[in-house]
Amino acid sequence: MLFRSTDSLLKGRPDNQALELTKRIAGIDDIMDVTSKPLIIDADNGGRIEHIGYLVKTLERIGVSAMIIEDKKGLKRNSLFGNQSGVQQDSIKDFCKKIKEIKKYRISKDFLIVARVESLILNKGLDDSIKRANAYSKAGADMIMIHSKQKKPNEIFRFSKKFKKSKFNIPLVSVPTSYSRTYEKDLIKNGFKVVIYANHLLRASYYAMNKTLESILKHERSHESEKNIEKVSKLLQYSEIK
């Protein structure tokens, strides 16, 4: 999974769509040069509807397996920020147009469309999130990502319980960043088929780099840090052409 927030931070950009699409595509292409594993791309709100055809065809051509688009509009603001004032949710009608546009341009049904519902983030409640999930499913989404920033999974479980009874029920996606105490088995039991750990590897690398730099500054050499970092031989092994 490649989230825009992770991609942006790696390049020193804010998580507000400052990293332009062509640079993101180039980065994804670099990743696909060294792996054949499935890759899901976070495409924010999908951008302008006129550009979706180009985006879908390019992502599918370079080997991406799925794209997630969220039902916000305007300049992106990270959903985990406490202050969501001024953030606007797209109309159901207009967001469904984007889903249909992706469906129109994809070549294979193996390229999955994941619709991300932001109603719980924006305090619009369960009924609004269900209404949107039903509409997005009807428009052609393959999966629904229901987003939440609560410390417990109660509200997403209430959503999944209700959505399961809908005739438009499709597989669910969870990103348990804020409710990290939740076990995968409990998410699976409640109807979630995909669990995304959105930024843990990036956070781990930042922590490790800070600790390594602190050690070097303290001891004025690198020896003390070497027990906590990867061996040079491993890096050379990773860089070999397979």
Side-chain angles (χ1 to χ4, degrees), residues 1 3-5 15-17 40-49 52 66-104 112-182 186-196 198:
M1 173 70 202
F3 262 93
R4 180 182 281 275
S5 57
D15 183 22
N16 63 359
Q17 294 176 279
I40 304 172
I41 179 73
D42 172 14
D44 284 332
N45 61 14
R48 293 175 60 90
I49 196 165
I52 283 179
M67 66 182 287
I68 299 176
I69 59 169
E70 62 183 90
D71 58 0
K72 287 180 180 174
K73 64 180 182 179
L75 188 65
K76 177 182 172 64
R77 183 172 180 80
N78 191 292
S79 297
L80 297 181
F81 284 147
N83 181 12
Q84 294 290 320
S85 61
V87 175
Q88 293 182 301
Q89 200 169 16
D90 208 348
S91 70
I92 292 176
K93 180 181 177 182
D94 286 345
F95 193 72
C96 285
K97 284 181 181 178
K98 288 187 175 182
I99 294 171
K100 291 174 181 177
E101 195 77 355
I102 297 170
K103 189 176 178 182
K104 181 175 80 174
L112 301 179
I113 306 165
V114 184
R116 171 172 154 179
V117 180
E118 292 286 292
S119 299
L120 300 179
I121 294 289
L122 298 174
N123 297 315
K124 292 191 175 181
L126 179 62
D127 289 343
D128 185 76
S129 61
I130 291 292
K131 181 180 179 182
R132 287 174 175 273
N134 284 335
Y136 302 161
S137 173
K138 187 178 178 182
D142 300 297
M143 305 185 81
I144 295 292
M145 175 180 157
I146 181 65
H147 207 15
S148 170
K149 58 182 177 182
Q150 297 298 311
K151 298 297 183 184
K152 294 182 179 180
N154 301 21
E155 68 175 6
I156 66 160
F157 288 171
R158 285 195 295 270
F159 172 90
S160 65
K161 184 178 180 180
K162 191 167 184 178
F163 188 54
K164 188 177 182 180
K165 297 175 183 177
S166 168
K167 66 178 180 179
F168 298 111
N169 177 44
I170 52 177
L172 296 176
V173 180
S174 168
V175 183
T177 304
S178 61
Y179 47 97
S180 59
R181 290 178 179 272
T182 308
D186 294 319
L187 290 165
I188 293 167
K189 187 170 67 176
N190 280 276
F192 289 89
K193 302 297 184 183
V194 175
V195 181
I196 297 171

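- Atoms CZ and CG, on Phe95 and Asn45 in that order, are 8.0 Å from each other to the nearest 0.5 Å.
- Here the side chain of Asp71 pairs a donor or acceptor atom with the backbone of Glu118 at under 3.5 angstrom.
- Using a 4.5 Å heavy-atom cutoff, the side chains of Leu172 and Ile156 are not in contact.
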- Query: So Phe163 and Ser160, side chain to side chain contact (heavy atoms under 4.5 Å, CB included) or not? Walk me through it.
  - Reply: CA-CA 5 Å; Phe163 188 54; Ser160 65; 5.7 Å; no
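- A donor-acceptor distance shorter than 3.5 angstrom exists from the side chain of Asp42 to the backbone of Asp44, with no hydrogens or angles considered.
- Summarising the geometry of Val114 relative to Ala66, their closest heavy-atom pair is CG2-CB, 4.5 Å, with the distance given to 0.1 Å.
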Donor-acceptor pairs under 3.5 angstrom involving side-chain atoms of residues 188-195: please list them, not counting sequence neighbours.
| residue | atom | partner | partner atom | Å |
| --- | --- | --- | --- | --- |
| Asn190 | ND2 | Asp186 | O | 2.7 |

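- Under the rule for a side chain to side chain contact (heavy atoms under 4.5 Å, CB included), the partners of Ser119 that lie at least two apart in sequence or sit in another chain are Gln89, Val117, Lys124, Asp128, Ser129, Arg132.
- The CZ atom of Arg158 lies 8.5 Å from the CG atom of Leu120; values are rounded to the nearest 0.5 Å.
- The structure places CD of Glu70 at 8.0 Å from CE of Met145, a figure rounded to the nearest 0.5 Å.
- Judged as a side chain to side chain contact (heavy atoms under 4.5 Å, CB included), and not counting sequence neighbours, the contacts of Lys93 are Ser91, Lys97.
- A heavy-atom distance below 4.5 Å is not found between the side chains of Phe159 and Ser148.
- Ser137 contributes a side-chain N or O that, together with a main-chain N or O of Phe168, makes up a donor-acceptor pair within less than 3.5 Å.
- Smallest separation of non-hydrogen atoms from Ala198 and Thr177: CB-OG1, 4.0 Å.
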- May I have the step-by-step check of side chain to side chain contact (heavy atoms under 4.5 Å, CB included) for Ile68 and Ile196, ending in yes or no? CA-CA 12 Å; Ile68 299 176; Ile196 297 171; 4.0 Å; yes
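- Here the shortest heavy-atom pairing between Met67 and Ala43 reads CE-CB, 3.7 Å.
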- Task: For the pair Ile144 and Ile170, evaluate side chain to side chain contact (heavy atoms under 4.5 Å, CB included) and give the outcome as yes or no after the intermediate values.
- Result: CA-CA 7 Å; Ile144 295 292; Ile170 52 177; 3.6 Å; yes
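- Applying the side chain to side chain donor-acceptor pair (under 3.5 Å) criterion to Asp90, with sequence neighbours excluded, gives no partner residue.
- Interatomic distance, OG of Ser166 versus NZ of Lys131, reported as 14.0 Å (0.5 Å rounding).
- Atom CD1 of Ile52 and atom NZ of Lys103 lie 14.5 Å apart (nearest 0.5 Å).
- Lys164 meets the side chain to side chain donor-acceptor pair (under 3.5 Å) test with no other residue; sequence neighbours excluded.
- Between Ile69 and Ile102, some side-chain heavy-atom pair lies under the 4.5 Å cut-off.
- A salt bridge does not link Glu101 to Lys98: none of the charged nitrogens lies less than 4.0 Å from a carboxylate oxygen.
- Partners of Lys162 under the side chain to side chain contact (heavy atoms under 4.5 Å, CB included) rule, at least two apart in sequence or in another chain, are Leu126, Asp127, Ile130.
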